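For clarity, every value in this text was computed on a predicted model and none was experimentally measured. Whatever order the structure lists ligands and atoms in, that order sets their numbers, starting from 1. Counting from 1, the numbers follow the sequence of the chain as shown.
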Amino acid sequence: MKFIIKVPATSANLGPGFDTLGLALDLWNVTTLAPAKEFSVQVTGEGAGRLATGKNNLIVRAAQRLAERAGKPLPPFHAKCANQIPLSSGMGSSSAAILTGLLAGNTLLKNPFSREEVLNLACEMEGHPDNVAPAMMGGLVVSTVEGGKVIARKISVGVNVHVTIVLPNFYLPTKQARAAIPKKVSVKNAVHNISRSVLVVEALRMGELDLLSKVMTDKLHQPYRLRLIPGAVSAMEAAKEAGASAVALSGAGPSLIAFSTGEAGIPQGDDVGESMKRAYKAAGVEARIFRLGVVSRGVEIQSADYADGADF
Ligand code: HSE
């Protein structure tokens, strides 16, 4: 049995929705899996030459975790990964690997767990649900964890919403970015974020970018993280000057996500991505631009044994 698992990139937080909001983006890691004599992983694209190629690969570790939970031995497999999601970028690469591994294990073991249970396991491994939930479900997803179980709902996004992600060539591990956040927050700042999170969801749902421009601000994590990324604050300003309605740190960073109307994130002739890239360059940091659509579908599993691919 040979099968393909496709997982989209995700951008978590969306400003005020820390550990709560996430958006699935049209950039995919595509992994072809086939039973083999031993575990091996071959990577092309993002992460090639950097990701582990054996048992230590996160895909294999996640599959093993699921098998342990199911109390069944995991048959070894070969995974061939064609990766588009950059590593350590704030674009959900670890969530994509975790979901790929869990779904690979679940498929190979003949689905002992439901999709909801797989999502719970993914959240347990990732530590928060805001990347894994939209990667699994697609679209804009609001999620939380209650009693160890993910509660998540998908909300459709207005068609005129375009995303530009700019990724600086700067290493900021999520662990370090999380450690930078104060453990206590004031009620005033909590209220700032609670109110705006709800309004961000409504703005994206309606494609109301004027509203988004007013409410995509954060007091819980961005102020502490942005100062760790050279050029990030000026890149955010540059995005706004170029016509972006709103900009936020994507996940834990270091990438930034800008929202605009118009084709491919290019509002009224100006280019949001290029302006942000120039701002990073002025701070001595090279950056890559990703102009992306929002995807309403999440993870896909297809049989590779049929030419047209069958969802199951
Ligand atoms: N919500 C998480 C964080 C996302 O901000 O740390 C990490 O990608």
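- Counted by atom type alone, Asn131 and Thr10 present one or more donor-acceptor pairs between their side chains at under 3.5 Å.
- At the shortest separation from atom 3 (C) of ligand 1 among protein heavy atoms lies Arg178 NH1, 3.1 Å.
- For the residue pair Ser11/Ser250, the side-chain donor-acceptor check at 3.5 Å is satisfied.
- Taking Glu46 as the reference, Arg288 meet the salt bridge (Lys or Arg N to Asp or Glu O under 4.0 Å) condition, with sequence neighbours excluded.
- Considering backbone and side-chain atoms together, Asp19 places an N or O closer than 3.5 Å to an N or O of ligand 1.
- Here the shortest heavy-atom distance to atom 5 (O) of ligand 1, taken over His128, His221, Met91, Arg225, belongs to Arg225.
- Looking only at protein heavy atoms, the nearest one to atom 8 (O) of ligand 1 is Asn131 OD1, 3.1 Å.
- Contacts of Pro75 classified as side chain to side chain contact (heavy atoms under 4.5 Å, CB included), with partners at least two apart in sequence or in another chain: Leu108, Leu109.
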